[in-house]
Protein chains: 2
Amino acid sequence: MVTYGGGVTDDDLVFKALADPTRRFLLDLLFQRDGRTLKDLESGLEMTRFGVMKHLKILEDAGLVVTRRSGREKLHFLNPVPIRIIHDRWIDKYREREVSALLALKAELEEKDGS
Amino acid sequence: MVTYGGGVTDDDLVFKALADPTRRFLLDLLFQRDGRTLKDLESGLEMTRFGVMKHLKILEDAGLVVTRRSGREKLHFLNPVPIRIIHDRWIDKYREREVSALLALKAELEEKDGS
DNA sequence: TTGACAGGTGACTAAATGGTCACCTATGGT
DNA sequence: ACCATAGGTGACCATTTAGTCACCTGTCAA
């Protein structure tokens, strides 16, 4: 049974968080290397510290980023669990087999082709 | 190398499309059963036909939904490829192993528990 | 203990987004 | 031919959201 309730649900925070390119870029940076500080992340973006902080808060509230304090610094880590849950919502075992095969084929072709 | 360019990129359409609960619900409906018409999908929502149509257009532009015309009807199908691409962006082989195990364990516990 | 540094809050403005409506086109049945 | 049905467009309004700034708190080192 599929239902559609109103109000702010848990997954809503995740999808809203992913909707902004700056936040996705922050996730990319953390995917590349974990445990960064705000200062570190800020230096890679053309935006004030406040903007970046706001984005990090949204990512943290959504559970996509988890943090740990160390002295006066705050370290940020990527949490992949919500991403996997999104995947499992619309991709079942059958589709997963098909899609992985398709993407693998695509990657193989592009390797030969160069584009 | 991770870069962060401006402008509207391809994946931007996908994430923006997923950011709305009504659109996610539409994907849920199509995940449950493919090949529905606008009329069909509209009947499950408390919204005017125009609202639903707008949402379907956004999903279609993002490539999350593909369509086929049949007479005066337009049939809608779920395309799982963009979802899988999101997954692969932030979940590599190592993390995938860990996360799947974690979620499987969680599902097992909740089965016994009932919650 | 004083100054520099890392992080945090609330208010504000400009732009993007969700939803509706009046109006239009095309297909199918009788 | 006719009318009901399925789908489509552009304009419009209310709400949400991204980004900045003035100002505040806590930590480290000399």
Side-chain angles (χ1 to χ4, degrees), chain A residues 4-9 11-30 34-62 64-77, chain B residues 4-30 33-62 64-77:
Chain A
Y4 172 51
V8 175
T9 56
D11 64 281
D12 199 47
L13 291 176
V14 176
F15 287 105
K16 287 267 165 55
L18 290 173
D20 183 272
T22 301
R23 291 196 285 271
R24 293 196 297 274
F25 182 64
L26 286 169
L27 292 182
D28 288 337
L29 290 177
L30 292 177
D34 259 330
R36 305 200 194 219
T37 66
L38 170 60
K39 268 285 165 183
D40 185 357
L41 293 165
E42 175 200 342
S43 69
L45 291 175
E46 294 176 1
M47 188 184 298
T48 60
R49 181 171 56 89
F50 308 99
V52 179
M53 202 177 351
K54 220 167 177 180
H55 285 306
L56 284 172
K57 173 159 175 34
I58 291 172
L59 287 169
E60 196 176 347
D61 288 347
L64 285 160
V65 164
V66 291
T67 60
R68 206 180 68 220
R69 293 218 67 118
S70 166
R72 64 178 161 179
E73 292 183 329
K74 189 176 180 185
L75 307 179
H76 298 77
F77 300 86
Chain B
Y4 171 51
V8 175
T9 55
D10 200 54
D11 63 282
D12 200 47
L13 292 176
V14 177
F15 287 105
K16 288 268 165 55
L18 290 174
D20 183 90
T22 302
R23 291 196 285 270
R24 293 197 297 274
F25 182 63
L26 286 169
L27 292 182
D28 289 337
L29 290 176
L30 293 178
R33 181 164 54 80
D34 259 330
R36 304 198 194 221
T37 65
L38 169 60
K39 269 282 164 185
D40 185 357
L41 293 166
E42 175 200 341
S43 68
L45 290 175
E46 294 176 0
M47 190 185 297
T48 60
R49 179 170 58 90
F50 308 98
V52 179
M53 202 178 353
K54 222 168 175 178
H55 285 306
L56 284 173
K57 172 159 176 32
I58 291 172
L59 287 169
E60 196 177 348
D61 288 346
L64 285 160
V65 164
V66 291
T67 60
R68 206 180 68 222
R69 294 216 67 119
S70 167
R72 63 178 163 182
E73 293 183 329
K74 190 176 179 184
L75 307 180
H76 298 78
F77 301 86

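In this text the structure is predicted, and so the values were computed from the model without any measurement. Chain naming here is simple, since letters A, B, ... match the order of the sequence lines and numbering starts at 1 in each.
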Identify the pairs formed between an N or O of the protein and an N or O of nucleotides 17-20 of chain C at a distance under 3.5 Å, and give each distance.
residue	atom	partner	partner atom	Å
dG18(C)	OP1	Arg23(B)	NH1	3.2
dG18(C)	OP1	Arg23(B)	NH2	2.7
dG19(C)	OP2	His55(B)	NE2	2.4
dG19(C)	N7	Lys54(B)	NZ	3.0
dG19(C)	O6	Lys54(B)	NZ	2.3
dT20(C)	OP2	Thr48(B)	N	3.1
dT20(C)	OP2	Thr48(B)	OG1	3.0

Is any NZ, NE, NH1 or NH2 atom of the basic residue among Asp61(A) and Lys57(A) found under 4.0 Å from an Asp or Glu carboxylate oxygen of the other?
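Salt bridge present between Asp61(A) and Lys57(A).
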Is the closest side-chain heavy-atom distance between [X] and [Y] below 4.5 Å?
{"X": "Leu75(A)", "Y": "Thr67(A)", "answer": "no"}
{"X": "Asp40(B)", "Y": "Leu29(B)", "answer": "no"}
{"X": "Ile58(B)", "Y": "Leu64(B)", "answer": "no"}

Which distance, rounded to the nearest 0.5 Å, do you find between the OG1 of Thr37(A) and the NZ of Lys74(A)?
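So the OG1 of Thr37(A) and the NZ of Lys74(A) are separated by 11.5 Å.
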Leu41(A) CG to Leu26(A) CG distance, which is reported to the nearest 0.5 Å
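One finds 6.0 Å between CG of Leu41(A) and CG of Leu26(A).
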Only counting residues at least two apart or in another chain, list the ones meeting side chain to side chain contact (heavy atoms under 4.5 Å, CB included) with Arg49(A).
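Only Leu38(A), Glu42(A), Met53(A) meet the side chain to side chain contact (heavy atoms under 4.5 Å, CB included) criterion with Arg49(A).
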Partners of Arg69(B) by side chain to side chain contact (heavy atoms under 4.5 Å, CB included), sequence neighbours excluded?
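Scan of Arg69(B) (side chain to side chain contact (heavy atoms under 4.5 Å, CB included), adjacent residues dropped) gives none.
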Below 3.5 Å between N/O atoms, which protein atoms pair up with nucleotides 27-30 of chain C? Just atom names and distances, please.
residue	atom	partner	partner atom	Å
dT27(C)	O2	Arg72(B)	NH1	2.9

Checking the side chain of Ser70(B) only, and the main-chain atoms of Glu73(B) only, is there a donor and an acceptor separated by less than 3.5 Å?
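No, the answer is negative, given that no donor and acceptor are paired below the 3.5 Å cut-off.
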If you look only at distance, which donor and acceptor atoms sit under 3.5 Å apart when one is on a side chain in residues 13-23 of chain A and the other is two or more places apart or in another chain?
residue	atom	partner	partner atom	Å
Lys16(A)	NZ	Asp12(A)	OD2	3.3
Asp20(A)	OD1	Thr22(A)	N	2.8
Asp20(A)	OD1	Thr22(A)	OG1	3.4
Asp20(A)	OD1	Arg23(A)	N	3.2
Thr22(A)	OG1	Tyr4(B)	OH	2.6
Arg23(A)	NE	Ala17(A)	O	2.7
Arg23(A)	NH1	His55(A)	ND1	3.0
Arg23(A)	NH2	Lys16(A)	O	3.0

First and last nucleotide of DNA chain D touching chain A, 5' to 3', heavy-atom cut-off 4.0 Å?
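Range of nucleotides touched by chain A: dT17(D) to dC28(D).
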